[in-house]
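In what follows, a structure is listed as structure tokens, so that the remarks can point back to it.
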Amino acid sequence: MGRSMDLQKRFLPGRLKAASSITPVGNEDNSSSMPEVDQPANWKEVLDGIRKMRSFEDAPVDSMGCEKAGSSFLQRSLGAIQRLHQNGMLAPDVIENVDEETIKKLIYPVGFYTRKACNMKKIAKICLKKYEGDIPSTLEELLLLPGIGPKMAHLVMNVAWNNVQGICVDTHVHRICNRLRWVSKPVTGKETSSPEETRKSLQLWLPKDEWVAINPLLVGFGQTVCTPLRPRCEMCSINHLCPSAFKETSSPVSRTKKAGRVKGSV
DNA sequence: GTCCCGACAC
DNA sequence: GTGTCTGGAC
């Protein structure tokens, strides 16, 4: 139906090109004016270094084990979307009528499938009722959808609407920006404690023309090199610019400190 | 056994 | 801020 076509077109490159004339609204135009706070030293060099590392990674497909590539969260997610697509389930009217168990089975590999299947049905219903089968086009309306938080709302604004309201900060962007000391709490200067805090701090100085690119860049980097548990600092080309390099390489025993654990026996 | 992607209830 | 939802990687 026409409705499903509209929704799918939303994510096609052609549409992005057509929508590229839309001027980003929101803050001032960062490309010409000075940032409100000092930019971290060498931030451009750091970003360039990460870009280079990412381009090496993408070159030969066989440089990365197939098992590993196939088991990544991204691969599983893409697989799930493909299966949804093949079953016509990117259209709200189809999603609304299909059995929830069917959706669960299709998205199973991505995890949290019970709640996601439930939210998919709720969102499909809302999109049909309030948005003529399309998705909301403002940040505020996206955030009202069940299961859609700041990370996903900004991602949709960036990718689907080409209307940059903010940076899409996920756990990788959050972690890496703190390791680089690119973000901090306003008064104390300590590291930020949530992705939302990171987003606000990062937006104070990062030029707006990097706001969209930073997410895929740091996500890829965070999955392969700057991993949450044991970052591969030895193979990182910008370790000489990172204040956290080689400081988290020991066994992650400290993370298991969960309140004493003084259970008498055992 | 421990940690993990993000949203949300508590 | 912390637990919960998930199966899987380590």
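Throughout, a chain's letter reflects where its sequence line sits, starting with A, and its residues are numbered from 1.
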Figure out the CZ/P separation between Arg232(A) and dC10(C), and round it to whole Å.
8 Å
Gap between atoms CD1 and P, on Ile123(A) and dA7(B) respectively (whole Å):
11 Å
Should the pair Trp43(A) and Trp182(A) be assigned to parallel (<30°), tilted (30 to 60°) or perpendicular (>60°) ring geometry?
perpendicular
I want to check something: taking the side chain as every heavy atom from C-beta on, are Leu241(A) and Glu45(A) in contact at a cut-off of under 4.5 Å?
yes
Rounded to the nearest Å, what distance is computed from the CZ atom of residue Arg199(A) to the C1' atom of nucleotide dG6(B)?
15 Å
Between dG8(C) and dA7(B) - P atom distance, rounded Å
23 Å
Specify the separation, in whole Å, of atom CD of Glu197(A) and atom P of dG1(C).
9 Å
Tell me what Tyr113(A) touches on the nucleic acid: a base, only sugar-phosphate, or nothing, going by heavy atoms under 4.0 Å.
sugar-phosphate
I want to check one thing: is the phosphate of dC5(B), taken as OP1 and OP2, less than 4.0 Å away from some side-chain N or O of Arg175(A)?
yes
What does Asp170(A) touch in the nucleic acid at a heavy-atom separation under 4.0 angstrom: a base, only the sugar-phosphate, or nothing?
sugar-phosphate
Counting heavy atoms from C-beta on, name the nucleotide in dC5(B), dC3(B), dC5(C) closest to the side chain of Arg115(A).
dC5(C)
Scan residues 181-192 of chain A against DNA chain B and write down, sorted by residue number, each residue with any heavy atom closer than 4.0 Å; if none is found, say none.
none
Strictly below 4.0 Å: does Thr114(A) bring a side-chain N or O up to OP1 or OP2 of dC5(C)?
no
Tell me which of Asn119(A) and His172(A) sits closer to the 5' end of DNA chain B, going by the nucleotide each one is nearest to.
His172(A)
Taking the side chain as C-beta and beyond, is there a heavy-atom pair between Arg179(A) and Pro231(A) under 4.5 Å?
yes
Please report the distance, rounded to the nearest Å, between NE2 in His174(A) and C1' in dA7(B).
15 Å
Nearest heavy-atom neighbours spanning Phe73(A) and Val110(A)
CE1-O, 3.5 Å
So, do Glu141(A) and Tyr131(A) sit near enough that their side-chain heavy atoms are less than 4.5 Å apart?
yes
Touch class at under 4.0 angstrom, heavy-atom based, for Pro146(A) against every strand present:
sugar-phosphate
Could you give the CZ-to-P distance, from Phe73(A) to dG8(C), as a whole number of Å?
14 Å
Verify whether one side chain among Lys185(A) and Ser193(A) offers a donor that lies under 3.5 Å from an acceptor in the other.
yes
Given that Thr171(A) and Leu145(A) both sit by DNA chain B, which one's nearest nucleotide is further toward the 5' end?
Thr171(A)
Rounded distance (Å) that lies between atom C1' of dT6(C) and atom NZ of Lys104(A):
12 Å
Considering only heavy side-chain atoms of Phe112(A), the closest of dC3(B), dC5(C), dA7(B) is dC5(C)
Quick one: are Glu191(A) and Ser184(A) in side-chain contact, heavy atoms under 4.5 Å?
no
Over how many whole Å does the gap from Gln223(A) atom CD to dC10(C) atom P extend?
12 Å
Convert the base pairs of DNA chain C into dot-bracket notation, remembering that pairs crossing earlier ones are written with [ ] and that bases paired across to another strand are shown as |; include only Watson-Crick or G-U pairs under 3.5 Å.
|||||.||||
Below 4.0 angstrom, N of the basic side chain to O of the carboxylate: do Lys121(A) and Glu101(A) qualify?
no
Whether the Thr192(A) and Ser201(A) side chains hold a donor-acceptor pair (N or O, under 3.5 Å, no angle test) is what I'd like checked.
no
With side-chain contact (heavy atoms from CB on, under 4.5 Å) as the test, pick out the partner of Cys168(A) among Met152(A), Lys151(A), Arg199(A).
Lys151(A)
